[in-house]
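Just so it is clear, the model here is predicted, and its values are computed rather than measured. Residue numbers count from 1 along this sequence. Just so you know, these numbers use all the heavy atoms, side chains as well, and skip hydrogens, waters and symmetry mates.
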Amino acid sequence: MDRIDGLRAFVSVVDAGSFTRAGQRLGISNKLVSKYVAALERQQGVTLLNRTTRALSLTPSGERFLSAARRVLSAVEELDAQTRADQGTLTGRLRITAPVAFGEMFVSVLTHDFLAQNPGVSIDLRLTDRYVDLAAEGFDLALRIGVLGDSSLIGRRIGGTESWVVGSPAYLDRHGRPAHPDALRDHQMIRDSNATSAHRATFVIDGKAASVPLPGRVTLNSAQGVRRLVLQGDGLGIVPRFVIAGDVAEGRLERVLADFPGPQLDIQALYLPQPFIPPRLTAYLDHLRARLTPLLKEPRPDS
């Protein structure tokens, strides 16, 4: 067995969660995948995976081995990719993570548009609002909105957005339209826990940044979830502009406190520091700047 085959099988099993799904990804039988992993364990002299009839899990040795295996496979893949890039062809896979609402709205730009230009590249796009550890989970790129929390990552700003305070016309007719950020304390706020602070928000008041409390009974970790509850008239929400600009333009939601700029959010593409940046990653970053950055300046993405 080629050791690279064993590493590839092992990583695929971990990512797919089973020998059968790993085999489907690799285009080989699950028995051959199992054979490769068993041979790798014999070569290393350790057990990498705990196997039961219902589940697979990494052993402590397997957890330590996984990140090293990813690095080796990445290096091998980049050798191949660099050769092809020198010949004018991009190849390989990009693993990308992005927030759910953002990814769903811009999925065509994040996947289809780039793949149409680069048929030798594949994209594995994972949409999640949780924090993803790029190194531990084997991702090439993370798209994040807001403050960069991990200074070890390299960031490229691809755009920005501000958050708008919005409510349904029916809610505002019943409860009144706040004329000042301090008036938010008299409203039910649908709060987004993805914000820096779900219970407070910062506005520019008289030329200075001021933090105001956000009372409310509902807090959830989804901008689209906040939007839906606000559309139902359950309260006011502070939502990134790109999520609700269409609703405001079509009258389903009404923006309030427009004279008090709300939280400004950077949209960044983040990747791990590395001596050699894969050509496909460089091309993808350039693609985001060319295609996505202009869309972020518009009220809503192309449909």
Side-chain angles (χ1 to χ4, degrees), residues 98-106 127 129 143-147 157-268 292-303:
V100 176
F102 181 85
E104 289 176 343
M105 293 189 71
F106 296 101
L127 302 183
D129 289 326
L143 296 172
R144 292 183 184 158
I145 302 173
V147 179
R157 187 178 185 276
I158 59 172
T161 188
E162 67 174 308
S163 294
W164 286 0
V165 183
V166 292
S168 71
Y171 174 89
L172 293 169
D173 288 343
R174 289 196 310 271
H175 300 281
R177 289 158 175 80
H180 190 278
D182 285 339
L184 294 179
R185 68 179 73 244
D186 299 322
H187 287 266
Q188 285 295 318
M189 301 299 300
I190 310 299
R191 302 177 298 199
D192 187 347
S193 60
N194 289 312
T196 303
S197 173
H199 302 282
R200 303 189 69 86
T202 300
F203 295 87
V204 177
I205 303 174
D206 296 329
K208 298 181 180 179
S211 176
V212 300
L214 301 177
R217 298 166 58 199
V218 179
T219 304
L220 65 163
N221 67 335
S222 165
Q224 282 288 8
V226 172
R227 169 183 171 268
R228 292 188 184 99
L229 291 179
V230 173
L231 282 168
Q232 292 176 186
D234 290 350
L236 301 180
I238 302 179
V239 188
R241 176 180 58 82
F242 67 84
V243 176
I244 41 76
D247 295 313
V248 173
E250 295 172 15
R252 291 185 294 273
L253 292 176
E254 183 179 328
R255 184 186 180 190
V256 297
L257 301 178
D259 293 333
F260 299 89
Q264 305 295 307
L265 305 171
D266 280 340
I267 301 174
Q268 301 186 74
L292 186 56
T293 300
L295 289 179
L296 294 171
K297 297 177 181 178
E298 300 297 329
R300 64 186 304 174
D302 295 334
S303 58

| query | Taking only residues at least two apart or on different chains, which pairs with a member in residues 159-183 satisfy ring pair (Phe, Tyr, Trp, His ring centres under 6.0 Å)? | reply | Y171-H175, Y171-H187, H180-F260
| field | Minimum heavy-atom distance I205-P181, with the two atoms named | value | CD1-CG, 3.9 Å
| query | Donor-acceptor pair, R241 side chain versus L296 backbone, under 3.5 Å? | reply | yes
| query | Looking at D259 and P261, what are the two nearest heavy atoms and their distance? | reply | O-CD, 3.5 Å
| field | Minimum heavy-atom distance between A198 and S193, given as atom pair plus value | value | CB-CA, 3.8 Å
| query | Would you find a donor on one side and an acceptor on the other, under 3.5 Å apart, between the side chain of T293 and the backbone of G159? | reply | no
| task | Taking the side chain as every heavy atom from C-beta outward, state whether V226 and V218 have any atom pair closer than 4.5 Å. | result | no
| Passing candidate, side chain to side chain contact (heavy atoms under 4.5 Å, CB included) with L253, options D247, L236, L172 | D247
| Taking the side chain as C-beta and beyond, is there a heavy-atom pair between D129 and P99 under 4.5 Å? | yes
| Is there side-chain contact between I244 and V230, with at least one heavy-atom pair below 4.5 Å? | no
| field | Any donor-acceptor N/O pair, D266 side chain to Q268 backbone, under 3.5 Å | value | no
| message | Could you check whether any side-chain heavy atom of L143 comes within less than 4.5 Å of a side-chain heavy atom of I267, counting everything from C-beta outward? | response | no
| With distance as the sole test, does R191 use its side chain to make a donor-acceptor pair with the main-chain N or O of G216 at under 3.5 Å? | yes
| Ion pair present between R227 and E104, side-chain N to carboxylate O less than 4.0 angstrom? | no
| request: Please answer whether the main-chain N or O of N194 pairs with a side-chain N or O of N221 as donor and acceptor at a distance below 3.5 Å. | output: no
| task | Go through D192 and I238 one step at a time and tell me if the side-chain contact (heavy atoms from CB on, under 4.5 Å) criterion holds. | result | CA-CA 8 Å; D192 187 347; I238 302 179; over 6 Å; no
| message | I'd like to check D186 versus P178 (side-chain heavy atoms, cut-off strictly below 4.5 Å). Are they in contact? | response | no
| task | Answer yes or no: is there a side-chain heavy-atom contact under 4.5 Å between I145 and F242? | result | yes
| query | In Å and rounded to the nearest 0.5 Å, what is the CE to OG1 distance from M189 to T219? | reply | 10.5 Å
| said: Tell me the closest heavy-atom pair linking R252 and P169, and the distance in Å. | reply: O-CD, 3.3 Å
| said: Would you say that more than 12 heavy atoms from the other residues, nucleotides or ligands in this model lie under 6.0 Å from the CZ of R174, or not? | reply: yes
| message | Just to verify, which of V239, T202, V243, L265 counts as forming a side chain to side chain contact (heavy atoms under 4.5 Å, CB included) with S163? | response | L265
